[in-house]
Amino acid sequence: MKEENLVIVESPAKAKTIEKFLGKDFLVMSSFGHIRDLDKKDFGIDLKNNYIPRYVVSEDKKKVVAELKKAAKNAKTIWIASDEDREGEAIGWHLMEVLGLSPDTTKRIVFHEITKSAITKAIDNPRLLDLNLVDAQQARRILDRLVGFEISPVLWKKVKPSLSAGRVQSVAVRLIVDQEREIQKFQPTSAYRVTSLFHTEDEKVGSSELKAELSTRFKTFDETKHFLDQCNGASFHIESIVKKPAKKSPTPPFITSTLQQEASRKLGFPVSMTMSVAQKLYEAGKITYMRTDSTNLSQLALDAAKETIVEKYGDKYYHLRTFKTKAKGAQEAHEAIRPTYMNQATVPGTPQEQKLYELIWKRTIASQMADAKLERTTVKIGVSGTDEHFVATGEILVFDGFLSVYLESTDDEGQENPIHKGLLPPLNEGEVLVPSEIVGTQRFTQKPPRFTEASLVRKLEEQGIGRPSTYAPTITTIQNRNYIVKEDRDGTEREYQRLLLQDGHLDSETCTEITGAERGKLFPTDIGLVVNDFLVKNFDSIVDYKFTAKVEKEFDEIAEGKRVWNEMIDEFYVPFHANIEDVIENSERSSGERILGVDPKTEKPVSVRIGRYGPMAQLGESKEDSEEKPQFASLRHGQSIETITLEEALDLFKLPRQLGEYEEKVVTVSVGRFGPYVRHDSKFVSLKKDVDDPLTIELDRAVELIEEKREKDRKALLKTFEEDVDLRVIMGRWGPYIAYQKSNYKIPKDTVVEDLSFEDCMKVVEEGPKPKKAAAKKTATKKAATKKTTTKKTTKTTAAKKTVTKKKTTTKSSSEKK
DNA sequence: CAGTGAGCGAGCTTCCGCTTGACTT
């Protein structure tokens, strides 16, 4: 039977919802995003012929494309309903190309919200594909490919293999590097903050205290002391009391970037976790689409929010609001992120899903609520014999409004807040106050803040760099490439002065505080620093913060039909490529090398630099006329080329150490990729963090660790079989699994592990899905197949060679996924 | 992936944006 209508959307969850609205005559399918991309071979672009792109159907989309083709053949009318933005238009165009549809007749429809009225309205108003917009996307895609695939190989040559550069990631790294340098450069200055606790004359000390701060901050200890001396015996009276109304308004509903920020601040989620939890909520139909840059709410949502607010909180808490989207380059193909059903304040699910949902619900509801009304009272207190005055501020909530539901958090860390929450004690102008204590404290200016994942996203969005769908992946990429790391850092102790005036006595003391402690902040690595400096030096215009904004403007001109896309690309590419050639030819290798000094024992020079496998130290030099080779050692975690000292570098060469023998086998200690370890009988045991030091650990302790590990392995071993000692059932991090020879196998669902027989296990090993060493990335299946058929060949044909190297890459990529 | 780091040097790495699963020891 021939279907009347086929509608193609991008997301399968969306397809499901829309099908319900459209009824029987419509079959709704999804393309799962883009179906084609530029070929990876030779850029996928004909550089000599107007940059004509060569597209191929992505490996993991072949199945979807085949199904769409089949459905398209059977349909009378095909509706392309991809998102209304540049990428969506291109997805639509690729679909038409692949399915053999004509852009002149195929119906293109768009809607910005998934409601019945929006969809029927779209069906009633189809248009044709906008080829200018498609061209703008092609220009975007081709430019990104050219930038990424021309600069990255330069890095392989000049810095280290396998590195990457790109329009978005390189700027993200630059933001972090520039900020880090600002922080290193920063010199704190200090000033003295004076605070006082007052009470009224007739009241007892402590009954109702008034905390006030001096409006002046003194530069020096002596000035502060002088002032406190003046206070000793002075009188204090209220000069004025000023009351001022104030209001607070709610923030707009969530878009991707603000959701990531708030989930990070309020729930402590990394951005990738926020996105995967949101994805689950979306697939379950609990929230609208989570990759959006629009703060818009549908009429349906506005009505539902009103109903919920009025019912739950009453009329006076409701206030209709619409928000303008601020983000640069926003394309607004979707609604804001909001609950599907406003009247559900909570949903079932994992704790994370519940928390994130609640956050979304509160933010959405609050955005449609009344302002909070405050009254701020400022009390000015004069000091006799001086022109100085203390100020006390109190704030009371007259009407809570949206605050009864939700308040956005800030990134500020530990800044002292001088505002009294709540009421001030009853006071009158002219009244005399008595201080119970006056304190002068030395305070230091704060260094610029380091980025968190979420604040980096905000910065990128402000600059119009990246899209909602790429914020989380970009941050993962630059961490995977080891350009930046997310880390905690302990603070350092700092002394400060404190002066205390109490009961007519002035004392001063030196106190200490911890400063500069960081949690979950982004730091550049040595490689990040070297690569960034190389890019800034040689490709300044590309890693410029404004580069994206500049090309976006040109893409817009293409979309408006004012510019031809391949002319724009040509204008960019010709000088860009000349620059590439010049850098390859003329630029020095860049390794960030630092000469640390000379080893006092051997009198050989010691240096550090980026090597093929990362930051390393070198002891001695390679000389042509000498047989002697230099020694190498990797820098340890937390060490940096920029800051490592000669002593620390020399320590690196003290490993591996032999500790002695245990059970007639040698015990050695060293530091590897996963940190310090003990090696014995070709088995590895990690040293305990913060307990053991590889430079000082002794045999007894090493044996202890070895035995501990044996005990743990014994406990994890669930089953062994007499028939074959190679077969074991082991308890792993993700539950039990079967290990046979060198591969691991998943146990089928619903099996009782205790009941597994030898035959059951062997069945899993033989029939179960082949344990893919390779991460399931695009071509993995193809590679696995090649591997299987050729590994047995012993002849050194090119084909066999090829598979060997391929195998290497696949295992590597699987390891990188960790 | 836990001894690597020049030397001879094939073939490999890499981008951004749209979407989900499959998968991890």
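Every chain is numbered from 1 and lettered A, B, ... according to where its sequence line falls, protein lines coming before strand lines.
- A donor-acceptor contact under 3.5 Å is formed by the side chain of A/Ser162 with the base of B/dT13.
- With distances taken from any side-chain atom of A/Ser634 to the nucleotides B/dC15, B/dA2, B/dG5, the minimum falls on B/dG5.
- Closest approach to the A/Pro153 side chain among B/dG17, B/dT14, B/dA6 is made by B/dT14 (side chain taken as heavy atoms from C-beta onward).
- Among the protein residues, A/Tyr289 comes within range of the sugar-phosphate backbone only, with heavy atoms under 4.0 Å from sugar or phosphate atoms but none that close to a base.
- Across all strands, A/Glu150 comes closer than 4.0 Å to no nucleic acid atom at all (heavy-atom distances).
- As judged by a 4.0 angstrom heavy-atom cut-off over every strand, A/Val147 is placed among residues making no nucleic acid contact.
- Counting any heavy atom pair closer than 4.0 Å across all strands shown, A/Leu163 reaches sugar-phosphate atoms only and no base atom.
- At a threshold of 4.0 angstrom between heavy atoms, the contacts of A/Ser11 are confined to the sugar-phosphate backbone, with no base atom among them.
- Stacking is not found between A/Phe32 and the pyrimidine-like six-membered ring of the B/dT19 base under the 5.5 Å centre-distance and 30° plane-angle cut-offs.
- Contact annotation: side chain of A/Arg145 to base of B/dC16, donor-acceptor pair absent below 3.5 Å.
- Distance from the side chain of A/Arg140 is smallest to B/dG17 among B/dG5, B/dG17, B/dG21.
- Between A/Phe547 and A/Phe572, the angle of the ring planes lies from 30° to 60°, which puts this pair in the tilted group.
- Going from atom NZ of A/Lys160 over to atom C1' of B/dT14 covers 13 Å, rounded to whole Å.
- Between the side chains of A/Tyr51 and A/Gln138, no donor N or O sits under 3.5 Å from an acceptor N or O.
- If you check every strand for non-hydrogen atoms under 4.0 Å, A/Gly166 touches sugar and phosphate atoms only.
- A donor-acceptor pair shorter than 3.5 Å can be found between the side chains of A/Tyr289 and A/Arg291.
- A/Gln279 comes within 4.0 angstrom of sugar-phosphate atoms only, judged by non-hydrogen atoms across all strands, and of no base.
- In this structure, A/Tyr677 forms no aromatic stack with the base of B/dA2, since the conditions of centre separation below 5.5 Å and plane angle below 30° are not both met.
- As judged by a 4.0 angstrom heavy-atom cut-off over every strand, A/Gly466 is placed among residues touching the sugar-phosphate backbone only.
- In this structure, A/Asp83 reaches the sugar-phosphate backbone alone: every heavy-atom distance under 4.0 Å involves primed, P, OP1 or OP2 atoms, never a base.
- Between the side-chain ring of A/Trp156 and the base of B/dT13, a stacking contact exists by the 5.5 Å and 30° definition.
- Residue-level contact check: A/Tyr471 touches neither bases nor backbone, having no heavy atom under 4.0 Å from any strand.
- In terms of polar N and O atoms assigned as donor or acceptor, the side chain of A/Arg141 comes within less than 3.5 Å of the base of B/dC15 in a complementary pairing.
- You'll find that the side chain of A/Arg167 is closest to B/dC16, out of B/dG21, B/dC16, B/dC18.
- Remark: A/Arg481 fails to qualify as a cation-pi partner of A/Tyr483 under the 6.0 Å distance and 45° angle criteria applied to the six-membered ring.
- Counting heavy-atom neighbours within 6.0 Å of A/Lys604 NZ, excluding the residue itself, gives a total above 12.
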